[in-house]
Amino acid sequence: MRNVYTTLLLIFAIAILICSYVISKKDKTELTKAISRIMIVAPLTMTAYAGALLAYDLMLAETIYAIYYTVSDVLLIYMLFYTLKYTRVYELRKWQKLALLLVVAADGVLMLLNVFAEGVFIFRCGLMDDGSGTMFYGIVDRGVLYNFHRMIIYGMVVLIIIPLAVKIKRSPSMYRKKFWLTLLSLIVIIAANVLYIITEITIDFSVLSYGVMAVAIYYFNVIYVPQGLVEGLLSSSIKNMDDSVMCFDIDGNCVYANSVAYAFFKTVDPAALTDYLNNWLGDRKLSEMQDTEWKESHGKGSFISHYAKQFKRLCDTNGQCVGCFFKFHDETEDVKKLEAERYRATHDRLTGIYNRDYFYEKVSETVQKNSECEYCMVCSDIRDFKLVNDIFGINKGDEILITIAGTMKKLSGEGTVYGRLSGDRFALFMPRKRFDKDVFINEIRGFSHLLGSSTYRLHIHVGVYDVVDNDIEPSVMCDRAYMAITTIKSSFTSMIAYYNDDIREATLEEQKITGEFGDALNKGQFCFYLQPQVSVKGKVLGGEALVRWIHPERGLIPPNEFIPVLERTGLICRLDLNTWELACCKLRQWKDDGYTDRHISVNISPRDFYFTDVYKTFTELVERYEISPRSLRLEITETAIMNDFKKQIVLIQRLREYGFCVEMDDFGSGYSSLNMLKDMSVDALKVDMEFLRKTENPERTCTILKMIVSLSKQLGMEVITEGVETKEHVDFLTEIGTDVFQGYYFAKPMPVSEFEKQYLGVLI
């Protein structure tokens with residue numbers, strides 16, 4: 001009996017050790033590490049007991065028994081650590097772990113001392129019969145201190161049972177099984193040990209249960225129970241999921257459906273679900289069907305529900321069809337969100353009509369569907385809409401935009417697309433035969449009272465482009481309609497303008513100018529002419545720098561052909577910087593030649609104040625060329641001053657303090673007012689004789705001109721008159737006190753070399 005049992009213990013121990021090695025290589029989680037330790041110590045316990053049974057010497061037997069009891073303590077320690085990690089009910093503190101280890105160590109020391117004390121303290125060995133006539137050394141007597149060992153053993157068992165019992169009580173029913181199996185393994189060991197003590201059998205067969213426990217813990221907690229748990233979780237998930245799920249067997253009978261499926265079909269009878277499958281299959285066989293997915297909508301109006309439906313066959317391991325299932329996923333909220341996002345992406349947030357990108361897309365679609373139709377693009381623009389927002393407020397501005405959008409809806413019809421392109425710009429693409437100019441004019445006139453003010457009127461301009469080529473990009477169509485608007489932008493009476501070839505030619509010319517500008521500037525094609533400025537005594541004091549473009553192919557390009565274009569595009573700033581640089585270079589040359597009493601007047605464009613640091617630029621120029629700031633006179637239009645009056649006052653004062661002579665150009669042609677002269681100090685007023693010519697009351701104009709000159713004298717400002725063309729002009733201007741003349745009567749603008757040849761140091 002002894003030999004059979006020991007052989008069984010050793011074989012089982014070796015098998016468990018091999019399993020432990022495999023586990024440690026494949027799975028290295030904290031839990032499996034704890035189980036692996038048990039699977040190492042349990043075989044050691046079994047091996048130690050087998051060694052004690054096979055011992056041929058009394059002292060050797062007592063020594064191995066001492067080792068067996070000590071290793072048993074260690075096994076229970078590892079069992080406790082595993083249980084606490086497995087249940088997560090409680091985590092031992094460091095001092096608690098240390099106390100347990102000290103108790104186990106103390107028990108081990110007593111066991112070893114027992115060997116040398118001839119079994120007095122704990123246990124004593126002696127020869128025993130295994131029942132088959134085979135003698136072995138077994139435990140024949142247990143001392144008082146053996147109770148200390150028992151107390152440790154059973155104390156450990158209690159500590160292991162408590163967290164398992166707590167976890168079983170706290171866990172849902174589907175989780176309790178795995179904790180019960182662990183507890184059952186422990187109960188088997190206790191029962192076997194109690195049976196051994198009660199029956200006083202000579203061989204402790206409960207030792208074999210240590211190995212059984214280790215294997216059971218691994219199997220039921222790592223392999224078997226998780227699989228069962230997954231099945232339980234899947235079952236619970238299907239039961240509680242938001243999708244409708246129905247399962248059918250090979251005969252088409254409904255074997256399972258969750259509550260959502262029954263609610264979808266508004267029934268509690270599985271037969272209704274079976275009827276659905278049969279109707280869906282029709283004449284087709286279930287085994288011949290392929291997996292498929294589709295979308296369906298149910299309901300009417302605003303109560304439409306959207307579903308993504310799926311059919312899938314269920315097959316066994318041999319690929320034989322054993323049934324099928326349906327899953328209906330309610331996508332209603334997702335569809336509504338998607339539609340809302342698409343609406344926000346394609347519609348203007350304020351007005352609710354198409355935004356620019358979607359408007360272009362819909363125009364292209366309309367043309368493709370009916371390419372034979374003749375269309376026109378109608379675009380609108382509100383004059384000075386920023387001023388409307390500033391005076392009447394953003395809310396009033398938004399109200400106007402919404403009203404215009406509503407009118408566009410009213411004017412639209414079949415085959416018409418309308419949208420808001422940006423800000424106050426709207427567009428309407430419609431069949432040409434539907435466009436009625438009179439209708440649009442009446443609507444535009446109705447808009448004039450939207451502000452609700454007797455002082456201010458809303459002015460809307462409309463540009464119309466008759467589409468001659470449907471393949472043109474919608475954005476280009478809109479651009480051409482807005483090109484037409486530019487021809488009436490300054491008019492308060494014209495409401496509608498049509499795009500034509502003249503506008504196109506003007507646009508192409510503008511593009512040509514802007515396209516060639518950079519290269520022309522770099523190659524020095526821009527130069528400045530000088531028009532003499534003559535004192536009342538006939539002395540040439542200097543000249544005004546006027547830019548000319550000497551084109552290599554087109555020759556001299558008049559400034560009225562390119563200056564307005566450069567003003568609109570902002571390129572005028574680069575041209576002005578170039579002119580200022582050339583003027584300073586020429587003044588330096590005159591200084592070196594001894595002509596320090598001559599000046600050059602340069603113009604500052606309104607855009608220069610926005611894109612250039614005027615003060616820094618001019619001060620750096622005069623310092624770099626080492627010229628007097630009085631020799632470089634600065635002409636600033638009153639329009640530029642009025643754009644940001646307070647800021648320009650400060651700038652002009654700084655320039656004058658530095659030494660520049662500042663002239664107010666084109667006085668009398670714009671916002672001229674006594675208030676401006678009151679608040680701003682300049683060195684000279686420059687009056688254009690157009691002030692005198694463009695009037696039907698020359699006597700009144702002459703009176704005003706006399707007052708301007710007189711007022712300027714009293715304010716300490718010099719008066720320069722340009723556009724002087726006749727002897728009568730000279731006599732009249734001299735009589736009223738003008739200081740300096742400039743005009744064709746004296747000389748036209750001329751190349752700098754010609755100016756130097758004729759006028760440097762020469763009296764007229």
Side-chain angles (χ1 to χ4, degrees), residues 346-360 362-363 366 375-467 474-500 503 568:
T346 57
H347 288 69
D348 177 57
R349 183 172 57 86
L350 175 65
T351 62
I353 63 177
Y354 293 155
N355 58 23
R356 181 186 60 190
D357 292 339
Y358 198 57
F359 171 77
Y360 291 160
K362 296 301 289 184
V363 168
T366 302
Y375 293 97
C376 65
M377 181 68 76
V378 183
C379 295
S380 68
D381 187 33
I382 302 176
R383 179 171 181 155
D384 297 326
F385 186 69
K386 290 182 179 179
L387 188 62
V388 172
N389 281 331
D390 185 54
I391 296 175
F392 297 94
I394 299 296
N395 291 337
K396 187 63 177 180
D398 289 348
E399 179 185 324
I400 290 171
L401 296 176
I402 293 171
T403 302
I404 294 174
T407 301
M408 297 192 73
K409 291 181 183 179
K410 184 176 70 173
L411 294 174
S412 66
E414 186 179 355
T416 302
V417 184
Y418 52 89
R420 182 186 179 194
L421 302 185
S422 65
D424 59 321
R425 292 189 165 193
F426 293 83
L428 191 149
F429 183 76
M430 62 193 310
R432 195 180 303 173
K433 63 182 180 181
R434 292 183 56 84
F435 177 75
D436 189 327
K437 180 179 179 181
D438 294 333
V439 171
F440 273 81
I441 290 177
N442 289 333
E443 293 292 342
I444 293 170
R445 285 174 177 166
F447 291 144
S448 63
H449 300 287
L450 286 178
L451 293 176
S453 170
S454 59
T455 305
Y456 296 95
R457 293 287 185 271
L458 194 68
H459 297 279
I460 298 179
H461 295 117
V462 172
V464 181
Y465 168 62
D466 290 329
V467 180
S475 60
V476 177
M477 297 179 188
C478 292
D479 289 342
R480 292 183 177 179
Y482 280 112
M483 287 179 199
I485 291 178
T486 59
T487 63
I488 58 171
K489 192 70 174 177
S490 59
S491 174
F492 285 92
T493 56
S494 299
M495 300 179 186
I496 297 180
Y498 290 83
Y499 177 86
N500 54 41
I503 296 174
R568 285 196 299 271

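We're numbering straight along the sequence, starting at 1.
- Every residue two or more places apart in sequence or in another chain that forms a ring pair (Phe, Tyr, Trp, His ring centres under 6.0 Å) with Y499 is listed here: Y465.
- Residues R480 and M477 form no side-chain contact, since every pair of their non-hydrogen atoms from C-beta on lies 4.5 Å or further apart.
- P431 approaches G415 most closely through the heavy-atom pair CD-O, 3.5 Å.
- A 4.5 Å side-chain heavy-atom check between Y375 and R432 finds every atom pair outside the cut-off.
- For the atom pair CD1 of I488 and NE2 of H459, the computed distance is 12.5 Å after rounding to the nearest 0.5 Å.
- Side-chain contact check for L401 versus D348: every heavy-atom pair is 4.5 Å or farther apart.
- Ring centers of F440 and F435: under 6.0 Å apart, within the cut-off.
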Output, in order, the C-alpha distance, side-chain angles, deciding distance and verdict of side-chain contact (heavy atoms from CB on, under 4.5 Å) for M430 and S412. CA-CA 7 Å; M430 62 193 310; S412 66; over 6 Å; no

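- V464 and C376 make their closest contact through CG1-CB, 4.3 Å (heavy atoms, listed as atom of the first residue, atom of the second, distance).
- In plain terms, the two heavy atoms of A484 and A497 that are nearest each other are O-CB, 3.3 Å.
- Counting heavy-atom neighbours within 6.0 Å of R383 CZ, excluding the residue itself, gives a total above 12.
- The side-chain heavy atoms of D424 and I404, taken from C-beta on, include no pair separated by under 4.5 Å.
- The two residues G419 and F359 have their closest heavy-atom pair at N-CD1, 3.6 Å.
- Residues Y498 and K437 are in side-chain contact: their nearest non-hydrogen atoms beyond the backbone lie under 4.5 Å apart.
- Using a 4.5 Å heavy-atom threshold, the side chains of S494 and H461 count as separate.
- Listed here is the closest heavy atom pair of D381 and R425: OD1-CG, 3.7 Å.
- Looking at R445 and M495, their side chains come closer than 4.5 Å, going by heavy atoms from C-beta outward.
- Nearest heavy atom pair, residue V462 against residue V378, reads CG1-CG1, 3.4 Å.
- Looking only at distances, no side-chain donor or acceptor of R349 sits under 3.5 Å from a matching main-chain atom of G352.
- Two residues are said to be in side-chain contact when any heavy atoms from C-beta on lie closer than 4.5 Å; I503 and N500 meet this criterion.
- Qualifying ring pair (Phe, Tyr, Trp, His ring centres under 6.0 Å) partners for Y418, counting only residues two or more places apart in sequence or in other chains: none.
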